[in-house]
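Below you'll find the structure, written out as structure tokens, and then a few comments.
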Amino acid sequence: MGVFSKISSGLTKSRDKFKASMYDLIGRGPDLSEDFWEDLEETLVLSDIGGAAAMDIVEKLRMEAKRRDLPDSYAVLDLLAEQIEGAFATGGADVLGEGAQVVLFVGINGTGKTTTVGKIAKEATDAGRAVILGSADTFRAAAIEQLQVWADRAGVEMVTRERGSDPASVCFETVERAEAEGCDLVLVDTAGRLHTSDDLMRELVKVVAVTRKRANVPVHTVLVIDATTGQNGMQQAREFDRALDLDALVVTKLDGTAKGGIALAISHELDLPIVKVGVGEGIDDLRDFDAHDFVRALIGDFEEEDLVEDGTRQEEVAAVAEVAAGDAVQGGADVRPAGVPDAVGEAAAAALPAETATEPAAESPAQSSADDASQKMSWAEFVEADDARKAAEPQKRHFWEKW
């Protein structure tokens with residue numbers, strides 16, 4: 001299975017939820033009303049994309065819709081993937097790029113820091129770089145042994161001390177060893193730190209400070225985030241960035257039941273580029289991040305005909321058709337209610353008896369005596385009256401005002 005297929009498979013639940021919400025939104029009608037824009041923003045937020053990113057994406061879409069004079073919501077949908085892709089922070093080419101450097105990997109326990117270090121070491125040595133590892137996770141049981149396994153797989157040296165040692169001293173010694181051996185890439189696995197513990201975070205700040213002071217090459221701090229954590233990951237990222245001034249992100253476990261929108265939320269809000277994504281347990285399953293492929297996997301492709309023909313929405317279409325048919329039997333020649341796509345209206349018409357769909361209901365004597373102005377509204381008149389009714393109602397509150 002290729003990288004894109006693994007990401008796409010891991011994001012299936014996120015993608016299905018997002019597409020269902022978008023189909024529901026577009027199915028309410030094609031007009032680019034204020035309600036449409038607010039509902040689109042809400043849909044993005046509820047997809048773990050985050051408030052800041054959602055607001056920015058929607059604002060840019062509104063500007064683009066106005067600039068291009070887009071006719072309806074279908075046209076906006078065509079631009080959605082492009083805008084989401086553009087919301088990711090750019091840069092990060094120097095992190096793990098060419099040139100001598102030290103990279104410290106941080107994050108809470110269980111995010112995949114150790115395996116990430118091992119996979120990057122293997123990738124770098126295969127590319128001909130001189131790599132050395134530092135095991136600064138001196139507290140977690142079996143952490144040193146686990147990193148040693150990865151060091152053996154990659155064929156690189158690892159610096160460590162006995163369990164319980166000061167992790168800053170491990171970093172110091174690793175940098176010294178790298179200089180002595182002529183290594184151009186130093187990868188350090190730090191101990192998992194709960195972002196809610198001030199004492200542990202202060203210790204991690206010390207580790208980074210000591211490393212920066214000792215190294216004569218750039219030192220980068222990279223946060224490893226588990227893509228299954230959702231909004232929990234955002235709070236982790238905020239606290240780590242506040243304490244350490246992060247340089248980049250690695251997003252792991254995208255091959256599982258990932259909440260992929262959180263990767264965009266963190267990258268956008270904290271202006272942190274994503275440099276690698278993990279798509280499996282294999283040593284070659286850590287790959288360079290590609291925003292275009294990621295967005296394709298996250299939101300999928302939309303086709304206008306899918307709004308009424310997609311197999312997953314047949315029950316919804318049938319329900320709308322039934323309601324529309326009932327309305328038509330009660331008093332209208334046109335069976336398509338406001339905001340329902342043409343194809344749904346056609347489904348409703350098909351559900352009616354032939355004579356009902358083609359002829360208006362018989363008029364009562366009172367109706368027969370009324371003048372033309374009191375006859376049933378045409379479709380255009382109905383839409384105009386409905387728009388007037390909506391305009392007279394109190395304005396819908398902005399999404400953020402609900403919270």
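No hydrogens, no waters, no symmetry mates; every other heavy atom, side chains included, goes into these values.
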Derivation and outcome, side chain to side chain donor-acceptor pair (under 3.5 Å), residues Thr228 and Asp226 | CA-CA 5 Å; Thr228 66; Asp226 178 343; 2.7 Å; yes
Quick one: do [X] and [Y] make a salt bridge, cutoff under 4.0 Å?
X: Arg296; Y: Asp293; answer: yes
X: Glu64; Y: Arg68; answer: yes
X: Glu203; Y: Lys206; answer: no
X: Asp189; Y: Lys113; answer: no
X: Arg62; Y: Glu41; answer: no
X: Arg177; Y: Glu181; answer: yes

Minimum heavy-atom distance between [X] and [Y], given as atom pair plus value:
X: Met201; Y: Ala243; answer: CE-CB, 3.7 Å
X: Ser21; Y: Thr43; answer: CB-CG2, 3.5 Å
X: Val222; Y: Leu249; answer: CG1-C, 4.0 Å
X: Ile49; Y: Ala265; answer: O-CB, 3.0 Å
X: Ile84; Y: Val295; answer: CG2-CG2, 3.8 Å
X: Gly91; Y: Pro273; answer: O-CB, 3.4 Å

With Val208, which of Thr190, Thr221, Val188 fulfils side-chain contact (heavy atoms from CB on, under 4.5 Å)?
-> Thr221
Only one of Met158, Glu145, Gln146, Gln148 passes side-chain contact (heavy atoms from CB on, under 4.5 Å) with Ser135, and that residue is Met158
Where do Ser73 and Leu32 land on the side chain to side chain contact (heavy atoms under 4.5 Å, CB included) test, with the steps shown first?
-> CA-CA 6 Å; Ser73 54; Leu32 297 179; 4.1 Å; yes
Go through the steps to decide whether Thr174 and Arg214 satisfy the test side chain to side chain donor-acceptor pair (under 3.5 Å), and finish with yes or no.
-> CA-CA 10 Å; Thr174 304; Arg214 177 60 185 83; over 6 Å; no
Decide if atom CD of Glu176 counts as having more than 12 heavy atoms of other residues, nucleotides or ligands within a radius under 6.0 Å.
-> yes
Out of curiosity, Glu157 CD to Ile132 CD1, how far, rounded to the nearest 0.5 Å?
-> 4.0 Å
Nearest 0.5 Å, what's the CG-CG distance between Asp39 and Asp24?
-> 8.5 Å
Tell me, with the steps shown, if Leu264 and Ile57 meet side chain to side chain contact (heavy atoms under 4.5 Å, CB included).
-> CA-CA 11 Å; Leu264 171 58; Ile57 290 167; 4.2 Å; yes
